*Asks:* 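The following block contains the structure, expressed as structure tokens.
Nothing here was measured: the structure is a model prediction, and the numbers come from that model.
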Amino acid sequence: MLGPSKAFTGFSVNDTQKAKQFYGGNLGLEVSEERGLLKLHLAGGTSVLIYPKPNHVPASFTILNSPVDNVNKAVDELTKGGVRFEIYTEPTAAFSAAAAR
């Protein structure tokens, strides 16, 4: 289902301009900026999204994003494949998928 999707990962920061300076200036990575979001361009065509988040704290988990053409269809197919979806009511989290055990 997600094999052909160009997956990407990302993380939040409390100050995108400081992050841009660190990753672009200090580390020498290619960084682009669009609509307040940063994108690190890594070797091999891989990119990492950096986004601002109020009350940012370093994540204690990892995220892999997979863009799809039809979210409802993807959810149905992933559910059939054993993925369990959890819906959170907090305003900062829409949903999370965790592989069924």
Side-chain angles (χ1 to χ4, degrees):
M1 167 71 218
L2 298 178
S5 176
K6 186 170 172 136
F8 65 95
T9 190
F11 58 89
S12 68
V13 296
N14 59 359
D15 187 326
T16 53
Q17 293 311 303
K18 284 184 180 179
K20 185 176 184 179
Q21 172 56 43
F22 176 74
Y23 290 104
N26 297 71
L27 298 184
L29 297 173
E30 181 184 346
V31 180
S32 62
E33 183 175 4
E34 186 176 334
R35 294 182 288 213
L37 303 174
L38 301 178
K39 188 180 282 188
L40 297 180
H41 303 276
L42 306 176
T46 302
S47 64
V48 177
L49 178 69
I50 301 175
Y51 55 95
K53 181 179 177 187
N55 303 318
H56 163 77
V57 293
S60 59
F61 50 84
T62 58
I63 296 174
L64 182 64
N65 302 285
S66 294
V68 295
D69 291 330
N70 184 318
V71 172
N72 292 327
K73 181 179 177 185
V75 168
D76 289 343
E77 290 181 16
L78 290 168
T79 300
K80 289 176 188 172
V83 174
R84 178 178 44 92
F85 286 85
E86 297 179 14
I87 299 173
Y88 298 92
T89 58
E90 293 88 23
T92 57
F95 70 90
S96 173
R101 296 173 202 204

*Asks:* Identify the two heavy atoms, one from Thr16 and one from Tyr51, that lie closest to each other, and give their separation to 0.1 Å.
*Replies:*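 Smallest heavy-atom distance, with atoms named: CG2-C, 4.4 Å.
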*Asks:* In terms of hydrophobic clusters joined by side-chain contacts under 4.5 Å, are Val13 and Leu40 together?
*Replies:*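 Yes, Val13 connects to Leu40 through the hydrophobic network.
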*Asks:* Test of understanding: clusters of I, L, V, M, F, W, Y form through side-chain heavy atoms closer than 4.5 Å, transitively. Do Val68 and Val83 belong to the same one?
*Replies:*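 Yes, it is one cluster - the side chains of Val68 and Val83 are joined through contacts under 4.5 Å.
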*Asks:* What distance separates Phe8 CZ from Leu42 CG, expressed to the nearest 0.5 Å?
*Replies:*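 Answer for the CZ-CG pair, Phe8 versus Leu42, is 13.5 Å.
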*Asks:* Among Lys20, Lys39, His41, which residue meets the side-chain hydrogen bond (donor to acceptor under 3.5 Å, both in side chains) test with Ser32?
*Replies:*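 With Ser32 as partner, side-chain hydrogen bond (donor to acceptor under 3.5 Å, both in side chains) holds for just one option, His41.
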*Asks:* Roughly how far, to the nearest 0.5 Å, is the NZ atom of Lys18 from the CG atom of Asn26?
*Replies:*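 It comes to 12.5 Å.
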*Asks:* Rounded at 0.5 Å granularity, tell me how far OH in Tyr23 sits from CD1 in Ile50.
*Replies:*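 Result: 5.5 Å between the selected atoms.
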*Asks:* Specify the closest pair of heavy atoms between Gly10 and Val48, including all atoms of both residues, with the distance to one decimal.
*Replies:*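 Scanning both residues completely, I find the closest heavy atoms to be CA-CG1, 4.1 Å.
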*Asks:* Phe11 versus Pro58: any side-chain heavy-atom pair under 4.5 Å?
*Replies:*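 Contact flag for Phe11/Pro58 side chains = no.
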*Asks:* Is there a side-chain contact between Pro52 and Leu37 in this structure, where contact means two heavy atoms from C-beta onward sitting under 4.5 Å apart?
*Replies:*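 A side-chain contact under 4.5 Å exists here.
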*Asks:* How far apart are the closest heavy atoms of Lys6 and Gly45, and which atoms are they?
*Replies:*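 Lys6 and Gly45 have their closest heavy atoms at NZ-O, 3.6 Å.
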*Asks:* Under the criterion side chain to side chain contact (heavy atoms under 4.5 Å, CB included), which of Asp15, Leu29, Leu27 is the partner of Phe22?
*Replies:*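 Of Asp15, Leu29, Leu27, side chain to side chain contact (heavy atoms under 4.5 Å, CB included) with Phe22 is met by Leu27 alone.
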*Asks:* Pick one: which of Leu78, Val71, Asn72 meets side chain to side chain contact (heavy atoms under 4.5 Å, CB included) with Val75?
*Replies:*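 That would be Val71; it is the only one of Leu78, Val71, Asn72 passing the side chain to side chain contact (heavy atoms under 4.5 Å, CB included) with Val75.
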